[in-house]
**Q** 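Quick one: the structure is below, questions incoming.
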There are 2 protein chains.
Amino acid sequence: MFDLILKNVARHITLTPEETDYFTSLLKPRKLRRRQYLLQPGDIMRHECFVNSGCLRCYLVDEKGQEHVVHFAIEEWWTGDMYSFLTGQPSAYYIDALEDSEVFLIDKPQFEQLFIDIPKFDRFFRRLLQNAYVAMQHRISQNLTLPARERYLNFIQQYPQFEQRIPLRQIASYLGIAPESLSRIRKQMMRR
Amino acid sequence: MFDLILKNVARHITLTPEETDYFTSLLKPRKLRRRQYLLQPGDIMRHECFVNSGCLRCYLVDEKGQEHVVHFAIEEWWTGDMYSFLTGQPSAYYIDALEDSEVFLIDKPQFEQLFIDIPKFDRFFRRLLQNAYVAMQHRISQNLTLPARERYLNFIQQYPQFEQRIPLRQIASYLGIAPESLSRIRKQMMRR
DNA sequence: AAAAATGATTGATGTATGTTAAGAGAGGGA
DNA sequence: TCCCTCTCTTAACATACATCAATCATTTTT
């Protein structure tokens, strides 16, 4: 059940069997059906979240009712709305499932206790954050320098799994493109 | 000399006098004159960097020769090009000083030894990274949802210090706007 | 199976923003 | 001090991309 997440942990730190048991005892499995919300604006993010299967998205809705996808999560750790998690302030984001999914949640108090009991986890999350930070910086760089077409090409090259599973309109939103524009970009790509 | 950085550390972890001495012994002060480079494309980022005074910028140059500012740093810790630092791959970025500045550098081998010798620093950097990650996510959200004018208004509200010290063309680039467009936006703001 | 919602595509049109070019101040370097 | 470079501004023009609207295919719900 915890294979994926423990493999991920093992890439960064080594746990004793006891530590492993302690860690997994904090993980609350939750199934999410497609379209089910994990978080809505005004909610407070009260747990860390690991995606074990399926696919989640984090998005904003602007005053015109338009959705803007800020983040996808697919079989990985992620922060949900880290701002809300850290500060305890209400979130501005929606998080929902694009497919039937399974996540593991860790309540915030237990999450903080974890670092006290097993300081190694400071290192684990430091490393995850480093990687997430690099990916984010890369995304910003691309948004600043590349036109829509190149951003899409890089996206499908970097995340071929997403291309299969995620509706194009969601990908367009993530890239900051209107779905109609992405459709035209794809049409243009076919012609050659 | 190390007041600023030690105050920053103390916000997250508590060091003994010996640990403090050890930590500061790793810090190599470097003065940068205005316009001086800290990193150029092809270089490998070989150290962590804390900005003690002044202001640095991290930017890309596209194939048309346009500069795109990815990051400012002003009296704070920052990562430089974390990708290059972590992987040892050549960087794609320029880093230079917008003002005469002073930075503290930590060589990568010593930086990694630091976590072994004083595991508390895992926590310190985990926390810094959490904050940096939140700020980055916020920036992406704004880029996705807001037009140029709102992004600028939010910027000067969020970073009033920057508005004073950083040339407008740099701010425009950071926001993903042409300097001429920012100029028009400002003119339009004056009229009301 | 029918109905309804969702997603993709296409065309016509609009607009925010980029591009090019020129001039005016301001500040730093010789 | 003078010059030169950098920065900001303004105007005319160009364009990538968004918006609006209609159609069709696909999937989900009843």
Side-chain angles (χ1 to χ4, degrees), chain A residues 32-36 54-55 57 59 61-69 72 94 96-100 142-153 155-156 162-191, chain B residues 32-36 54-55 57 59-69 72 94 96-101 142-153 155-156 162-191:
Chain A
L32 294 174
R33 290 207 202 285
R34 189 172 128 83
R35 317 218 130 234
Q36 185 175 337
C55 180
R57 99 226 228 235
Y59 65 101
V61 176
D62 67 20
E63 64 283 351
K64 291 178 204 156
Q66 308 233 44
E67 297 180 359
H68 301 271
V69 174
F72 296 118
Y94 289 90
D96 69 2
L98 289 172
E99 314 168 352
D100 290 350
Q142 297 214 80
N143 284 340
L144 286 176
T145 51
L146 300 180
R149 181 166 177 280
E150 316 300 323
R151 297 207 300 277
Y152 176 64
L153 288 173
F155 179 85
I156 59 179
F162 284 42
E163 162 97 277
Q164 308 304 322
R165 293 161 67 172
I166 299 180
L168 288 174
R169 54 183 311 109
Q170 309 293 344
I171 294 175
S173 172
Y174 176 87
L175 295 171
I177 314 173
E180 297 91 335
S181 297
L182 180 56
S183 188
R184 275 187 275 264
I185 286 167
R186 285 163 54 82
K187 182 179 167 191
Q188 188 193 6
M189 286 168 53
M190 301 301 275
R191 281 215 307 269
Chain B
L32 295 174
R33 289 207 201 284
R34 189 171 127 86
R35 315 217 132 235
Q36 185 175 339
C55 181
R57 100 226 229 236
Y59 65 102
L60 287 169
V61 177
D62 67 21
E63 64 285 348
K64 292 179 204 154
Q66 307 234 43
E67 296 180 359
H68 301 271
V69 174
F72 296 119
Y94 289 90
D96 69 2
L98 289 172
E99 313 169 352
D100 290 351
S101 304
Q142 297 215 71
N143 284 340
L144 287 175
T145 52
L146 300 180
R149 182 166 176 279
E150 316 300 324
R151 296 207 301 278
Y152 176 63
L153 288 172
F155 179 86
I156 59 180
F162 284 42
E163 162 98 277
Q164 308 305 320
R165 294 161 66 172
I166 298 181
L168 287 175
R169 54 183 310 110
Q170 309 293 344
I171 294 176
S173 172
Y174 176 87
L175 295 171
I177 315 172
E180 298 88 342
S181 297
L182 181 56
S183 190
R184 274 189 288 257
I185 287 167
R186 286 162 55 82
K187 181 181 169 189
Q188 187 193 8
M189 286 167 55
M190 302 300 275
R191 281 217 306 272

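Side chains included, hydrogens not; waters and symmetry mates left out as well; all remaining heavy atoms used. Reminder, nothing fancy here: chain letters follow the sequence lines and each chain counts from 1. Bear in mind that the values here come from a model prediction, so they are computed numbers and not experimental data.
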**Q** Atom CD of A:Q170 to atom P of C:dT6: distance rounded to whole Å?
**A**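 Between P of C:dT6 and CD of A:Q170: 12 Å.
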
**Q** Within less than 4.0 Å of OP1 or OP2 of C:dT9, is there a side-chain N or O belonging to A:S183?
**A**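 For C:dT9, OP1/OP2 do have a side-chain N/O of A:S183 under 4.0 Å.
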
**Q** Considering just the side-chain nitrogens and oxygens of A:K187, establish if one lies under 4.0 Å of OP1 or OP2 belonging to C:dG11.
**A**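 For C:dG11, OP1/OP2 do have a side-chain N/O of A:K187 under 4.0 Å.
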
**Q** Can you find a side-chain donor-acceptor pair between B:Y152 and B:E163 that sits under 3.5 Å?
**A**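 Side chains of B:Y152 and B:E163: pair found under 3.5 Å.
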
**Q** Measuring to OP1 and OP2 of C:dT19, would you say a side-chain N or O of B:Q66 lies under 4.0 angstrom away?
**A**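 Yes, such a contact exists.
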
**Q** When you match B:R184 and A:P179 each to their closest nucleotide on DNA chain D, which lands nearer the 5' end?
**A**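 Going by which nucleotide is closer to the 5' end, it is B:R184.
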
**Q** Taking all atoms of both residues into account, what is the closest heavy-atom pair of A:K64 and A:D62, and its distance?
**A**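 Result for this residue pair: N-OD1, 2.9 Å.
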
**Q** Considering every strand and a 4.0 Å limit on heavy-atom distances, what is the contact class for A:I177: base, sugar-phosphate, or nothing?
**A**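 Sugar-phosphate contact only - A:I177 comes under 4.0 Å of backbone atoms but never of a base.
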
**Q** Out of D:dC8, C:dG18, C:dG7, which nucleotide sits closest to the side chain of B:R169?
**A**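 Side chain of B:R169 sits closest to D:dC8.
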
**Q** Using whole Å, report how far CG of A:L175 lies from C1' of D:dA18.
**A**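 My rounded result for the distance is 15 Å.
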
**Q** Of the candidate nucleotides C:dT17, C:dG7, C:dA21, which contains the atom at the shortest distance from the side chain of B:E180?
**A**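 For the B:E180 side chain, the nearest candidate turns out to be C:dA21.
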
**Q** Figure out the CG/P separation between B:L144 and D:dA18, and round it to whole Å.
**A**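 In whole Å, D:dA18 P lies 11 Å from B:L144 CG.
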
**Q** Given atom CZ of A:R149 and atom P of D:dA18, what is their separation to the nearest angstrom?
**A**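 A:R149 atom CZ is separated from D:dA18 atom P by 16 Å.
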
**Q** Between C:dT15 atom P and B:Q188 atom CD, what is the distance in whole Å?
**A**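 In whole Å, C:dT15 P lies 15 Å from B:Q188 CD.
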
**Q** Using side-chain hydrogen bond (donor to acceptor under 3.5 Å, both in side chains) as the criterion, point out the one residue from A:R165, A:R33, A:R35 that pairs with A:E99.
**A**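 Exactly one option meets the side-chain hydrogen bond (donor to acceptor under 3.5 Å, both in side chains) with A:E99, and it is A:R165.
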
**Q** Over how many whole Å does the gap from A:E99 atom CD to D:dT28 atom P extend?
**A**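 The answer, rounded to whole Å, is 11 Å.
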
**Q** Would you give the length of the straight line joining atom CG of B:L60 to atom OG of B:S173, rounded to the nearest 0.5 angstrom?
**A**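 It comes to 9.0 Å.
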
**Q** Find the distance B:L168:CG to C:dA26:P and express it as a whole number of Å.
**A**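 B:L168 atom CG is separated from C:dA26 atom P by 14 Å.
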
**Q** Does C:dT9 have its OP1 or OP2 closer than 4.0 Å to a side-chain nitrogen or oxygen of A:R186?
**A**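 Yes, within the criterion.
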
**Q** Of the candidate nucleotides D:dC8, D:dT19, C:dG18, which contains the atom at the shortest distance from the side chain of B:P167?
**A**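 The nucleotide sitting nearest to the side chain is D:dC8.
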
**Q** In whole angstrom, what separates B:M189's CE from D:dT9's C1'?
**A**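 It works out to 15 Å between those atoms.
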
**Q** Could you check whether B:Y174 and B:F155 have their ring centres less than 6.0 Å apart?
**A**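 Yes, they do, as the ring centres are separated by less than 6.0 Å.
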
**Q** What nucleic acid atoms does A:R35 come within less than 4.0 Å of, heavy atoms only: base, sugar-phosphate, or nothing?
**A**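 If one applies the 4.0 Å heavy-atom cut-off, A:R35 turns out to touch the sugar-phosphate alone, with no base involved.
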
